[in-house]
Number of protein chains: 2
Amino acid sequence: MSDTHIDVCEGGHSPEERRAFAEILSRIGDKWTVLVVGVLAHGPMRYSQIFKLVGGVSQRMLTLTLKSLERDGIIRRTVYPTNPPRVDYELTERGKTLIVPLHLLWTWAQTNRAAIEGTRRDFDHQRSKDGAAA
Amino acid sequence: MSDTHIDVCEGGHSPEERRAFAEILSRIGDKWTVLVVGVLAHGPMRYSQIFKLVGGVSQRMLTLTLKSLERDGIIRRTVYPTNPPRVDYELTERGKTLIVPLHLLWTWAQTNRAAIEGTRRDFDHQRSKDGAAA
DNA sequence: CAGCATCCCATGAGATACTG
DNA sequence: CAGTATCTCATGGGATGCTG
């Protein structure tokens with residue numbers, strides 16, 4: 001009971017900053033984004049390779065995700081004007097700094113996944129009982 | 001140049017696990033979710049208080065977000081059957097363990113926000129030049 | 001006060017087909 | 001190979017109004 005006053009964002013949290021934080025987090029917390037950053041953490045990779053490794057992503061979403069990450073300076077896109085063309089993607093220095101925080105979240109998710117799924121089941125079961133009764 | 005082989009998720013990453021990770025991350029990386037967890041990190045709080053502090057959220061989204069967090073066991077909902085009713089929300093122990101990873105991300109966002117916005121401008125400017133040119 | 005239900009529009013996101 | 005373009009359907013999410 002002595003520590004509920006920790007803050008996620010102590011440094012100063014004007015509404016503007018909080019929204020900016022949420023916006024950035026939403027972007028990097030996006031499903032495809034984290035998977036792409038995850039596979040690129042292994043090193044530079046070509047479009048088709050990312051496409052296969054991520055698995056289940058559509059070309060459209062992969063392209064959009066890559067472009068958005070490039071726009072934010074998280075990844076770098078390098079074109080080799082050979083024929084057929086070859087395009088490499090790799091994390092920038094900025095992108096690499098994302099690995100540690102993301103890794104922490106991954107650890108959290110690993111640690112809590114089973115428990116969360118259990119809690120969900122309980123919750124849903126409880127609600128269906130509530131609904132059924134009355 | 002000696003360390004591009006770090007992995008976001010070393011512990012084992014079957015497709016199934018990677019997807020589960022992305023799913024959890026997407027949920028907790030959601031815009032309203034992080035803001036709600038952020039304000040609840042200050043301590044227990046009533047619905048209306050969260051509503052005001054988060055700012056800009058609709059009742060609908062707040063209710064949905066809170067329910068989803070409760071379902072995942074991140075927050076606890078306590079009803080005091082007074083009149084008018086009073087409902088408190090607070091982070092569970094599990095929820096509190098989220099504060100540290102989230103805080104790290106917040107730090108990352110703070111550190112990189114300005115640079116990212118600059119990069120975005122450059123990128124957009126570059127693209128508009130490309131588009132304008134032949 | 002704390003929410004649920006409904007309407008309605010904007011965006012997200014898959015599938016498919018075409019191109020440099 | 002590495003995309004772009006379009007079509008389409010599902011979901012997200014705001015606004016409003018009602019209820020215990």
Side-chain angles (χ1 to χ4, degrees), chain A residues 19 22-23 25-36 39-40 44-71 75-90 123-124 126-128 130-131 133-134, chain B residues 15 19 22-23 25-36 39-40 44-71 75-90 123 126-128 130-131 133-134:
Chain A
R19 304 304 290 279
E23 199 243 313
L25 229 225
S26 288
R27 180 171 305 251
I28 68 152
D30 168 78
K31 179 186 176 187
W32 299 125
T33 299
V34 299
L35 289 176
V36 166
V39 306
L40 283 181
M45 218 166 283
R46 307 179 53 167
Y47 184 90
S48 51
Q49 223 177 333
I50 303 173
F51 187 70
K52 277 169 204 148
L53 279 177
V54 167
V57 66
S58 63
Q59 276 194 333
R60 172 190 148 84
M61 285 319 292
L62 180 55
T63 302
L64 284 172
T65 302
L66 289 169
K67 195 152 294 175
S68 156
L69 284 171
E70 187 196 1
R71 186 171 106 101
I75 65 176
R76 179 173 21 251
R77 178 175 182 271
T78 313
V79 182
Y80 301 93
T82 59
N83 195 318
R86 167 194 178 124
V87 180
D88 271 22
Y89 291 93
E90 63 187 317
F123 188 84
D124 294 345
Q126 197 55 41
R127 298 211 74 199
S128 65
D130 290 356
Chain B
R19 303 304 289 278
E23 199 242 313
L25 229 224
S26 288
R27 179 169 307 250
I28 68 152
D30 169 77
K31 178 186 176 186
W32 298 125
T33 300
V34 299
L35 289 175
V36 166
V39 306
L40 283 182
M45 217 166 285
R46 307 179 53 168
Y47 184 90
S48 52
Q49 223 177 335
I50 304 172
F51 187 70
K52 278 170 203 147
L53 279 177
V54 167
V57 67
S58 63
Q59 278 195 332
R60 174 190 148 84
M61 284 321 292
L62 181 55
T63 302
L64 252 46
T65 302
L66 288 170
K67 194 152 293 174
S68 156
L69 284 170
E70 187 196 0
R71 186 171 106 102
I75 66 177
R76 178 172 23 252
R77 178 176 182 271
T78 314
V79 182
Y80 301 93
T82 58
N83 194 318
R86 166 194 180 126
V87 181
D88 272 22
Y89 291 93
E90 64 186 318
F123 187 84
Q126 197 55 43
R127 298 212 73 198
S128 65
D130 290 356

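Naming convention: chains lettered A, B, ... in sequence-line order (proteins, then strands); numbering from 1 in each chain.
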Value in whole Å for how far the C1' atom of D:dG20 lies from CZ of B:R86: 19 Å

When you match A:M61 and B:V87 each to their closest nucleotide on DNA chain C, which lands nearer the 5' end? B:V87

Under 4.0 Å between any heavy atoms, over every strand shown, what does B:K67 touch: base, sugar-phosphate, or nothing? Just pick one. sugar-phosphate

What integer distance in Å separates A:L35:CG from C:dA13:P?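 Atom CG in A:L35 sits about 12 Å away from atom P in C:dA13.
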
Atom OH of A:Y47 and atom C1' of C:dG20 are separated, to the nearest Å, by 15 Å

When you check the phosphate oxygens OP1 and OP2 of C:dA2, does a side-chain N or O of B:S48 lie under 4.0 Å from one of them? yes

A:Y47 and A:Q59, any side-chain heavy atoms less than 4.5 Å apart: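 Touching, per the 4.5 Å side-chain cut-off.
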
Given atom CG of A:D30 and atom P of D:dT11, what is their separation to the nearest angstrom?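 So the two atoms are 17 Å apart, to the nearest Å.
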
Side chain of B:Q59: nearest nucleotide among D:dG14, D:dG3, C:dG3? C:dG3

I'd like to know if the side chain of B:T33 and the backbone of B:G29 have a donor-acceptor N/O pair within less than 3.5 Å. no

Could you check how far CG of B:D88 sits from P of C:dA2, rounded to whole Å? 9 Å

Restricting to non-hydrogen atoms, name the atom on B:S68 and the atom on B:R27 that form the minimum distance, rounded to 0.1 Å. OG-NH1, 3.0 Å

I need the CG-C1' distance between B:L62 and D:dT16, as an integer number of Å. 17 Å

If each of A:P85 and A:R60 is mapped to the nucleotide of DNA chain C with the nearest heavy atom, which maps nearer the 5' terminus, i.e. the 5' end? A:R60

NZ or CZ of A:R71 within 45° of B:F123 ring axis and under 6.0 Å: no

Go through it in stages, so that I can follow the logic: the residues are A:K67 and A:L64, the test is side-chain contact (heavy atoms from CB on, under 4.5 Å), and I'd like the CA-CA distance, side-chain angles, deciding distance and then a yes or no. CA-CA 5 Å; A:K67 195 152 294 175; A:L64 284 172; 5.8 Å; no

Check whether any side-chain N or O of A:R77 sits under 4.0 Å from OP1 or OP2 of D:dG3, and answer yes or no.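 Yes.
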
Expressed in angstrom and rounded to an integer, what is the separation of A:L66 atom CG from D:dA2 atom C1'?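 Taking CG of A:L66 and C1' of D:dA2, I get 11 Å after rounding.
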
Phosphate contact (C:dA2 OP1 or OP2) by B:R46 side-chain N/O below 4.0 Å: yes

For A:R27 and C:dT11, give me the distance from atom CZ to atom P, rounded to whole Å. 14 Å

May I ask you to evaluate whether B:Y89 reaches the phosphate of C:dG3, defined as a side-chain N or O under 4.0 Å from OP1 or OP2? yes

